[in-house]
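The next block holds one structure in the form of structure tokens; read it before the comments.
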There are 2 protein chains.
Amino acid sequence: MSTIGKALSLLDTLSRLDKEVGLTDIARLCSLDKATARRFLVELEKHGFVEQDADSRRYRIGSAPVRLARIREARYPFLRVAVPFIKTLAESSAETVHLSEFSGGRLSTIHVEDPPRAHRIIVDVGSILPFHATASGLAFLAFCPAREIDAALQKPLEKFTDHTVVDPELIRALLDETAARGFSISHQGLEAGVISAAAPVRAPDGRPIGCVAVAAPLSRTTKTAIHDFGAQAIAAANAISEKYYGSERLTGTSPKTRRRD
Amino acid sequence: MSTIGKALSLLDTLSRLDKEVGLTDIARLCSLDKATARRFLVELEKHGFVEQDADSRRYRIGSAPVRLARIREARYPFLRVAVPFIKTLAESSAETVHLSEFSGGRLSTIHVEDPPRAHRIIVDVGSILPFHATASGLAFLAFCPAREIDAALQKPLEKFTDHTVVDPELIRALLDETAARGFSISHQGLEAGVISAAAPVRAPDGRPIGCVAVAAPLSRTTKTAIHDFGAQAIAAANAISEKYYGSERLTGTSPKTRRRD
DNA sequence: GCTTATGGTTCATTATTTGAACCTCAGCTT
DNA sequence: AAGCTGAGGTTCAAATAATGAACCATAAGC
């Protein structure tokens, strides 16, 4: 892997920890030599991507990404456009609704809206959604070109719960079902006791860019209810897509041409 | 410079362009070979930091920073804490108020609130604020350790307008004045016809982390008014600092120890 | 159909990255 | 207090990855 790739992976690793870490820890977590990790951290710090606490000497994500994110959102306001729809859906479903985006080969949660009730599913911003074990992952994959599905299913598939489907052929069946229905269902795929439904937000060329997902406690969720959530997720996802690309393409370059896949 | 540094500089350069650019342009702008620029872009793209438009083949900032920024803001909610104060100040002053943050050796605008009137100063999110030529820059420097002031004044100081002060000794006088008064004034330092006042947001150890600035058209701004803006900027900056570090230090590591400078 | 752009690729040369061993310091144990 | 442990940080020869001139492919303009 290139040096840049390793440094960005370090940054990624750092971002997934829920606390600041020391040099030795981050080096171990990234399987890097301490000296190498340090050089990366120093270089990343120079550019504001990490910060070192003056007292504890531990490292954390810096503020440079905040600047970049604001520029990105000013030009491609995915969150700004999507969040109102997520909010509405969280209210109408009275369950946790989260929005994910595909980036760097993975699907990550970029926004969460909690419903105003005590018993609800907790999803963290920044968490990674495995393709085979989450409603979002399945909804995303189901609308990807075949070769991307193949690639995803060739990787080792972790069994998170007793219910996680890890047989590639069974997953393909789920994907077909999802593609036909327009939304996916994950029945305790990542965590026991949680059921969720998700639908992809798609670019004008059909390629998915992220997902809208509703997550509910299995105990209070009927088959009818989850199908209803799925239908609502489709509606929200399509509304986001329309609004995002509708206003976006005004500044875009050539909306007509269609990529070959 | 290290490879990582060069790649991050490329990312920075890309973020400062107000449109997508092609490979040849970005390579030229970064003084890199085309092949090198391309390898950087591919690597950055793998991690979601840049995106390539499928049609035009041009590059833009990707969505990875959005994820990182949300994690950073969830843990160190500078924007979330600061924005309400900036909004209030924009209303009470009826002028443009912007918030900057020190990151990667530079002071960059991270939020702007426009007042509801037609004739106002425009500030862009992401713009860099030169230390010697802006109210924010002066307010920041004035509260930095002496050696950082020296370092800043040793660099070539660009003369943006006829009024830009570029003599290091005169700037030192402005900094002393700023330190004594608590806020800085920039009289057409960066752009003709604009006057602004700024105050630093400071960490518990006294080190500034960013600035609150009010920018107004010179034509309608009296000396009394600009001093009033300055006083309001101090109040806002202190309120931000208190709220930010007040809640922050609960999860922090060791609030008592004081760094030596 | 030629010219001149563009984006993208190759591979021998070159410069950077790498990491084992090292230092220093703070806290803990005996 | 001496010794130990593990932290962050540094060094420099060896190993590896970055580099860029020259290349190809394609598209637009003439």
Side-chain angles (χ1 to χ4, degrees), chain A residues 1-14 17-47 49-62 205 252-261, chain B residues 1-14 17 19-62 205 252-261:
Chain A
M1 193 195 279
S2 75
T3 309
I4 297 167
K6 281 179 258 181
L8 295 178
S9 292
L10 183 153
L11 193 62
D12 189 78
T13 302
L14 190 62
L17 303 167
D18 45 6
K19 53 174 183 50
E20 302 176 17
V21 283
L23 175 60
T24 308
D25 287 340
I26 189 75
R28 197 192 60 246
L29 286 166
C30 299
S31 311
L32 291 171
D33 185 87
K34 218 163 33 124
T36 304
R38 174 128 221 288
R39 266 178 298 107
F40 288 0
L41 287 164
V42 167
E43 211 60 42
L44 288 164
E45 186 173 31
K46 269 188 202 159
H47 292 261
F49 285 83
V50 308
E51 264 176 22
Q52 183 176 34
D53 188 281
D55 296 328
S56 69
R57 306 237 141 207
R58 286 206 274 259
Y59 297 89
R60 58 167 173 258
I61 295 293
D205 64 2
T253 46
S254 76
K256 279 132 254 160
T257 356
R258 204 181 177 296
R259 268 199 336 164
R260 287 201 54 78
D261 262 320
Chain B
M1 193 195 279
S2 76
T3 309
I4 296 167
K6 281 180 258 180
L8 295 179
S9 293
L10 184 152
L11 194 61
D12 190 77
T13 302
L14 189 61
L17 303 168
K19 54 174 181 54
E20 302 175 16
V21 283
L23 175 60
T24 308
D25 285 340
I26 190 74
R28 196 192 62 245
L29 287 165
C30 300
S31 311
L32 292 171
D33 186 86
K34 214 162 38 121
T36 303
R38 174 127 221 288
R39 264 177 299 106
F40 287 1
L41 287 164
V42 167
E43 211 59 42
L44 288 164
E45 187 173 30
K46 270 189 202 158
H47 292 262
F49 285 83
V50 307
E51 263 177 20
Q52 183 177 36
D53 189 281
D55 296 328
S56 70
R57 305 240 139 207
R58 287 205 273 256
Y59 297 89
R60 59 167 172 257
I61 295 293
D205 64 2
T253 48
S254 77
K256 278 132 255 158
T257 357
R258 205 182 175 298
R259 269 203 329 169
R260 286 202 53 80
D261 264 320

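Order of the sequence lines fixes the chain letters, A, B, ..., with proteins taken first and strands second; residue numbering starts at 1 for each chain.
- If you take CD1 of A:Ile26 and C1' of D:dG6, they are 18 Å apart, rounded to a whole angstrom.
- The heavy-atom pair separating B:Glu43 from B:His47 by the smallest distance is O-CD2, 3.3 Å.
- Residue B:Met1 contributes atom CE, which lies 18 Å from atom P of C:dA15 at whole-angstrom precision.
- Between B:Thr3 and C:dT16 there is no side-chain polar atom (N or O) within less than 4.0 angstrom of OP1 or OP2.
- Of all heavy-atom pairs spanning B:Leu11 and B:Phe49, the tightest one is CD1-O, 3.6 Å.
- Rounded to a whole Å, the CZ atom of A:Phe40 is 11 Å from the C1' atom of D:dA17.
- Under 4.0 angstrom from either OP1 or OP2 of C:dT18 there lies at least one side-chain N or O belonging to A:Lys6.
- Considering only residues two or more places apart in sequence or on other chains, A:Leu17 meets the side chain to side chain contact (heavy atoms under 4.5 Å, CB included) condition with A:Leu14, A:Val21, A:Ile26, A:Leu29.
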Point to revise | Footprint string (nucleotides 7-15 of chain D, 5' to 3'): B base within contact, S backbone only, - free, heavy atoms under 4.0 Å | key: SBBBB----
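- Remark: C1' of C:dT17 and CG of A:Leu32 are 12 Å apart, rounded to the nearest angstrom.
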Could I get a table of every N or O pair under 3.5 Å where one atom is in the protein and the other is in nucleotides 24-26 of chain C?
none

Donor-acceptor pairs under 3.5 Å, side chain of residues 3-10 of chain B to any protein atom, not counting sequence neighbours: which ones?
residue	atom	partner	partner atom	Å
B:Ser9	OG	B:Gly5	O	3.0

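- Within the structure, every pair that satisfies the side chain to side chain donor-acceptor pair (under 3.5 Å) test and touches residues 27-37 of chain B, not counting sequence neighbours, is listed here: B:Asp25-B:Arg28, B:Thr36-B:Arg39.
- Every salt bridge (charged side-chain N to carboxylate O under 4.0 Å, His left out) that B:Glu51 has, sequence neighbours left out, goes to A:Arg72, B:Arg60.
- In this structure a side-chain-to-backbone donor-acceptor pair under 3.5 Å is present from B:Gln52 to B:Arg57.
- Side-chain contact check for B:Glu20 versus B:Asp53: some heavy-atom pair is nearer than 4.5 Å.
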